[in-house]
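Comments concern the structure below.
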Amino acid sequence: MTKFRAPGRVNIIGEHTDYNDGFVLPFAIDKYIEVDVSSSNEFVFVSHTMNETVGLKKYEKLGKWTDYIMGVIWAIEKSGCEVKPARIEVSSTLPLGAGLSSSAALETAVAYGLNSIMNLNLSKKQIVDVCVRAEREFVGVQCGIMDQFTAVFGKKDHAIFLDTFNLNYEYVPLNLGEYEFALIDSNTKHELSSSEYNKRREECERIMEVLHKNSFREITYEDLNHLEPALRKRARHVLDENKRVNMAVRALKKSEMFLLGNLLYESHVSLRDLYEVSCEEIDFIVGFLRGRLGILGARIVGGGFGGSVLVFGRKGCIEEVYYELRDRYYKMFGITPELIHIKSDCGVHAVV
């Protein structure tokens with residue numbers, strides 16, 4: 001039995017741009033999905049996190065975590081490779097539902113593991129493609145490519161400036177000095193998250209239909225005048241967010257940390273008001289953090305409607321502010337948010 005590890009990811013900025021041929025700036029984090037992969041007479045999937053063992057027939061769907069694994073097997077075989085029965089045991093240090101892309105980490109770890117033990121000779125790019133196809137066509141979530149790309153190509157102490165239109169990418173050093181990123185998990189996830197995520201994708205496809213464009217990269221601010229109000233807001237967010245990603249890259253390279261923090265706040269306002277994927281709990285956290293000593297920026301991360309807030313601030317300050325936030329948040333919602341310390345890390349690999 002061989003163990004393989006794939007990281008979760010945090011996207012500094014560039015939310016809901018990856019499925020719109022836009023720019024993103026994620027980095028892999030030191031929270032993982034690990035899988036043990038071994039040959040077997042049947043497909044058996046074990047989750048140590050959920051204390052569950054499931055035996056399945058090939059391509060069987062159950063509407064739960066096993067679909068991500070079986071989806072990878074399905075997608076690999078669709079690419080022309082044979083996947084023989086295997087026992088796959090899953091463990092995790094990634095908080096589920098926190099917006100850290102546990103699904104992509106699971107897919108990537110499984111694909112990389114099967115590729116290794118079965119000598120499938122898939123390239124890194126092919127592993128990304130397999131995992132994206134598994135989630136879109138088998139699981140049914142119309143995800144972009146950022147999460148899987150980061151899980152495969154992540155590099156320690158670097159973010160990835162990725163152009164999802166042509167998959168050109170550049171590693172940007174995370175020379176943060178006295179500053180750090182952290183996450184505050186709201187510990188809430190609203191039921192409409194998946195349906196609204198797919199709805200936003202459909203709205204973006206509708207935008208291109210109305211404007212007769214082949215890609216979001218062809219859309220200009222002048223084009224927005226031809227859209228109905230809701231679609232105009234969605235399109236404006238994407239155009240503005242792409243600008244913010246490019247500005248954030250320059251801010252990191254020049255160590256302009258206050259500018260980077262302001263861009264995070266601007267991104268959150270856009271996600272709240274234009275893309276409309278935030279929620280009361282997340283807005284409370286971001287509003288509480290804004291203006292606090294040592295906190296430079298904060299925004300919702302992930303698909304939306306719950307999950308986590310990315311916080312950028314001076315080392316030590318985030319934790320100090322968190323304790324006051326925790327009490328106020330509990331009084332407001334009856335939920336305890338969780339502070340998650342993160343560091344950058346590398347992409348998927350075998351664990352020696």
Side-chain angles (χ1 to χ4, degrees), residues 3-15 17-19 22-35 68 72 90-113 115-116 122-132 134-135 143-164 167-176 179-185 245 248-249 252-253 260 264 299 301-303 307-312 340-352:
K3 184 176 288 188
F4 303 90
R5 174 185 290 171
R9 65 93 190 94
V10 162
N11 187 24
I12 297 173
I13 201 162
E15 209 68 80
T17 52
D18 66 328
Y19 54 81
F23 300 104
V24 292
L25 188 61
F27 63 91
I29 62 173
D30 58 341
K31 303 287 186 291
Y32 319 98
I33 297 284
E34 288 187 348
V35 299
Y68 293 95
V72 168
V90 182
S91 56
S92 175
T93 59
L94 265 174
L96 300 179
L100 306 182
S101 196
S102 55
S103 60
L106 175 57
E107 292 158 358
T108 303
V110 170
Y112 191 89
N115 186 51
S116 297
L122 298 174
S123 67
K124 283 188 171 183
K125 175 58 172 57
Q126 287 174 313
I127 289 174
V128 172
D129 291 340
V130 159
C131 294
V132 171
E135 189 151 347
C143 65
I145 198 171
M146 173 182 65
D147 296 349
Q148 292 84 357
F149 194 96
T150 308
V152 172
F153 287 94
K155 182 178 180 181
K156 187 175 175 62
D157 297 324
H158 290 77
I160 305 173
F161 177 34
L162 173 65
D163 182 344
T164 65
L167 296 188
N168 289 337
Y169 67 98
E170 172 190 355
Y171 288 113
V172 180
L174 290 172
N175 297 322
L176 303 180
Y179 300 96
E180 64 179 347
F181 287 106
L183 291 158
I184 296 177
D185 185 353
V245 175
V249 170
L252 275 173
K253 289 180 176 179
L260 180 61
L264 296 188
R299 74 172 190 88
V301 293
S308 295
V309 170
L310 175 66
V311 190
F312 183 56
I340 304 173
H341 294 284
I342 53 171
K343 295 181 180 179
S344 66
D345 213 328
C346 61
V348 63
H349 59 280
V351 179
V352 179

- For residues V35 and L106, determine if any side-chain heavy atom of one lies less than 4.5 Å from a side-chain heavy atom of the other. yes
- Task: Measure from the side-chain N and O atoms of N168 to the backbone N and O of D163, and report whether any donor-acceptor pair falls under 3.5 Å.
- Result: no
- Message: With a 4.5 Å cut-off on side-chain heavy atoms, are L174 and F27 touching?
- Response: yes
- Does NZ belonging to K156 count more than 12 external heavy atoms closer than 6.0 Å? yes
- Taking the side chain as C-beta and beyond, is there a heavy-atom pair between L122 and I127 under 4.5 Å? yes
- Message: Distance check, rounded to the nearest 0.5 Å: H158 atom NE2 versus D345 atom CG?
- Response: 13.0 Å
- Provide the full list of side-chain hydrogen bond (donor to acceptor under 3.5 Å, both in side chains) pairs with a residue in residues 123-132, sequence neighbours left out, each pair given once. S123-Q126, K125-D129
- Nearest heavy-atom contact between S102 and L94 is CA-CD1, 3.7 Å
- Query: Quick one: side chain to side chain contact (heavy atoms under 4.5 Å, CB included) partners of A28, sequence neighbours excluded?
  - Reply: P7, T150
- Message: If you apply the rule side chain to side chain contact (heavy atoms under 4.5 Å, CB included), what do you find for F153 with V128, and how did you get there?
- Response: CA-CA 9 Å; F153 287 94; V128 172; 3.9 Å; yes
- Item | Distance in Å, F4 CZ paired with E34 CD, rounded so as to fall on 0.5 Å steps | 11.5 Å
- Query: Counting distance only, does the side-chain N/O of T164 pair as donor-acceptor with the main-chain N or O of G22 below 3.5 Å?
  - Reply: yes
- Let me know which of I12, I160, T17 forms a side-chain contact (heavy atoms from CB on, under 4.5 Å) with L25. I12
- Note on the structure: Correct closest heavy-atom pair for G302 and E15 would be N-OE1, 3.3 Å
- Message: Could you tell me if the side chain of E135 sits less than 4.5 Å from the side chain of Y68, heavy atoms only?
- Response: yes
- Item | Minimum-distance pair of heavy atoms, taken over all atoms of V72 and A134 | N-CB, 3.5 Å
- Query: Can you name the closest pair of heavy atoms from A151 and T108 and give their distance?
  - Reply: CB-OG1, 3.5 Å
- Task: Enter the distance from L310:CG to R299:CZ here, rounded to the nearest 0.5 Å.
- Result: 6.5 Å
- Query: Would you say the side chain of L176 lies within less than 4.5 Å of the side chain of F181, judging by non-hydrogen atoms?
  - Reply: yes
- Message: Within this structure, what is the OG1-CD1 distance for the pair T93 and I33, rounded to the nearest 0.5 Å?
- Response: 7.5 Å
- Which of parallel (below 30°), tilted (30 to 60°) and perpendicular (above 60°) describes F149 and Y169? perpendicular
- Message: The criterion is side-chain hydrogen bond (donor to acceptor under 3.5 Å, both in side chains); which residues satisfy it with Y179, sequence neighbours excluded?
- Response: R314
- Item | Validation row: L162, L167 side chains within 4.5 angstrom (heavy atoms) | yes
- How long is the gap from CD1 on I29 to CD1 on I342, to the nearest 0.5 Å? 5.5 Å
- Message: Return the OG to CZ distance between S91 and R5, rounded to the nearest 0.5 Å.
- Response: 9.0 Å
- Message: Could you report the tightest heavy-atom contact between V132 and G144, atom names first, then the distance?
- Response: CG2-O, 4.1 Å
